[in-house]
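Everything below concerns the one structure shown next.
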Amino acid sequence: MSQPLVATADLVKTYELGGETIHAVDGVSLTIENGEFVAIMGASGSGKSTFMNMIGCLDVPTSGIVEIDGIPTSDMSGDDLADLRNRKIGFVFQQFNLLARTTAVDNVAVPLIYAGKGGEERRDLATQKLIAMGLGDRLANSPAKLSGGQQQRVAIARALVTEPLMLLADEPTGALDTRTSEDIMQIFQQLNDDGITVILVTHEDEIADHAKRKIIFRDGKVIEDSIVTNRRIAAPEVAA
Amino acid sequence: MKKSLGSRLSAWLVNISIAMTALRTNLMRSILTTLGVMIGVFAVTLAVGVGSGAQVSVMESINSLGSNMALIFPQPDSEGGRSTFERGRLTTRDARAIEREIDGVSDIAPQLRASITLISSGNTASTSAIGATPAYGRVSNVTAQEGRFITDADVRTAARVVVLGTSVAENLFGDFNPIGEQVRINRIPFKIIGILESKGSSFGNDNDDVAVIPISTVRQRFVGDTLAGPDDLHILFVGFQDGVQLSTAKREMTDLLRDRYKVRGRDGNPFTIRTTEEFMEETGQVTGIFQTVLVAIASISLLVGGIGIMNIMLVSVTERTREIGLRMALGAKKSDIRNQFLVEAAVLCVIGGAMGLLLAIAAGAALTAYANFPVPIGMGVSIGAIIFSALVGLIFGGWPAVRASRLSPIEALRTE
């Protein structure tokens, strides 16, 4: 029952670059339980994003084990991994990665296409998530007609639409101003309170302080794994 | 986890809508790419139409001769043997022998042909005269639409009467009804007794540019001194009853005539026999080759159009690598990505194909109306053109689509 949501054992990822072997992730073993809020930190090149991509089943480890919800992923085919991502993992990216010239509803509905849901169900579920994100009046807007914060909220709605177990957010506030970042962090905290595991990659201490646990990478290894003391609680938006 | 039919259908509809968005995004590029397929499908469809038009046209003109008949010419035929006759022979007596001795003969229509010039009240027309008997009308389905056709009495008395084809009548008299009028043929006065039923034209050849005159009159007045014998013929039509095997009849007639001309062993004949069956077969082959060549040439433009599709799909895949990565991250399988780009290529091609088809139908109609050449583009060809366009999309979009589906999600996502 108490099986971890994410478990890695001796996880390694190496690249060949100009005849030199780069150890991007160098033997990382850790577990993340259901309901955690984890910030993965580290300088650029520390291996935090590569680690994130591997537990998100986007990238394949050179060696070592990744288990998601108790399922080992090393022997899974590309299509099985796609299915796993679709059902269990929601992604939030720094650059939002919304489809241009596509309405908010249609953007949010994309994962449901690959879940095999029908058109009407897709629209209904996507609309629900957008309303929950406070975008009920922006359903038919294309990304070009939305602010950065609104775009990231569409992206979060998209990540949530298949009811995944965890959210993986790679520098989700990297393209946003401080005020908007605070809004987004509030959403993440709220979602975590509702029971979703949140794992975010950031290099900003202020953002990481919103999490409950902080894991710091350097040179492909975990150098610190600690509970966040003095956790920041994102303030509700004040009238500007 | 098996997907239901509904969700499969829905997935294809989604792909079509994704494709339409992508095509609208690069509208000018899409239009230019489509143009290639449009021209290709236009050329191929029109080639098919022209080819079958030629076939129809030739078959019609063969049918206008009469459906089940043989033509015998006094031309030496050394097929499969030695040439022995310098000059061909075919006489009225041969015709009668055929009528008497060959089974299944329904009519014999001996003929003489002559070039004639008709003059009436200052108008002149040159045409070819068919010196015939009433049987010619029966064998070749030729009738008078006004007045009357020639009769046995006309032939017996070598009457100076003529039945004009509609073109000749028009050239000489315009709208005026000439029946009963006098006309001078090669300076000899004739009486116009009828106008032939129009037979249209085939292959630019006007079937109504003729005049029918009793065979005896033609022999006496126009060609008598050029013939080898007093009852020689230029051509003999032999009509057969329905169901007669023409190849068998041809063999029997050949044997009979060889016997009459005392041709032995492997020697050639002083006559040539052709049947409508052979004409059909030969022209079927010729027009078949004609159509194949046309379609082959036209296919080159479709090939070029297809390569254009492949080119633009490769560009599209490269441009949208990040989108592909995103879709994979959100759960798209290889087949989802592949199908998305296949559908995009197919949609592009089907739009081009539909436009090409419409253009071909319009061009075919124009050719039929103004060039008097039938270009039938039927439902079958139309559906075929659309299906074929989709196939072009699937074939030439296949490689780019498979390439897209093989991208690694993380590599694709990292692309700027």
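Every chain is numbered from 1 and lettered A, B, ... according to where its sequence line falls, protein lines coming before strand lines. Values below: all heavy atoms of this structure, side chains included; hydrogens, waters and symmetry mates excluded.
In terms of heavy-atom pairs under 4.5 Å with chain B, the best-connected choice from A:D80, A:V60, A:L99, A:V110 is A:L99. Ranked by heavy-atom pairs shorter than 4.5 Å toward chain A, the options B:S408, B:G325, B:A332 are led by B:A332.
Around atom CD of A:E120, no more than 12 heavy atoms belonging to other residues, nucleotides or ligands sit under 6.0 Å away. The number of heavy-atom neighbours closer than 6.0 Å to CZ of A:R218, taken from other residues, nucleotides and ligands shown, is 12 or below. A:F96 CZ: more than 12 foreign heavy atoms inside a 6.0 Å radius. Counting heavy atoms of neighbouring residues, nucleotides and ligands inside a 6.0 Å radius, atom CE of B:M355 exceeds 12 of them. The number of heavy-atom neighbours closer than 6.0 Å to CG of B:L27, taken from other residues, nucleotides and ligands shown, is above 12.
Residue A:D83 holds its CG atom at 4.0 Å from NZ of B:K333, rounded to the nearest 0.5 Å. Going from atom CG of B:L326 over to atom CG of A:N97 covers 5.0 Å, rounded to the nearest 0.5 Å. The distance from atom CD of B:E323 to atom CG of A:L98, rounded to the nearest 0.5 Å, is 12.0 Å. For the atom pair CG (A:N86) and CE (B:M328), the distance works out to 13.5 Å, reported to the nearest 0.5 Å. Here the OG atom belonging to B:S17 is positioned 7.5 Å from the CD1 atom belonging to A:I113, to the nearest 0.5 angstrom.
For B:L413, the part lying near chain A is the side chain, with the backbone staying farther off; criterion is any non-hydrogen pair under 4.5 Å. Only the side chain of B:T21 comes within contact range of chain A, with at least one heavy atom under 4.5 Å from a heavy atom of that chain. Only the side chain of A:N53 comes within contact range of chain B, judged by heavy atoms closer than 4.5 Å. Contact annotation for B:R406: neither backbone nor side-chain heavy atoms come within less than 4.5 Å of a heavy atom of chain A. Proximity to chain A is absent for every atom of B:R320, based on heavy atoms less than 4.5 angstrom apart.
Pairing each heavy atom of B:K334 with each of A:D79, the nearest pair is N-OD1, 3.1 Å. When all heavy atoms of B:A329 and A:F91 are compared, the closest pair comes out as O-CE1, 3.4 Å.
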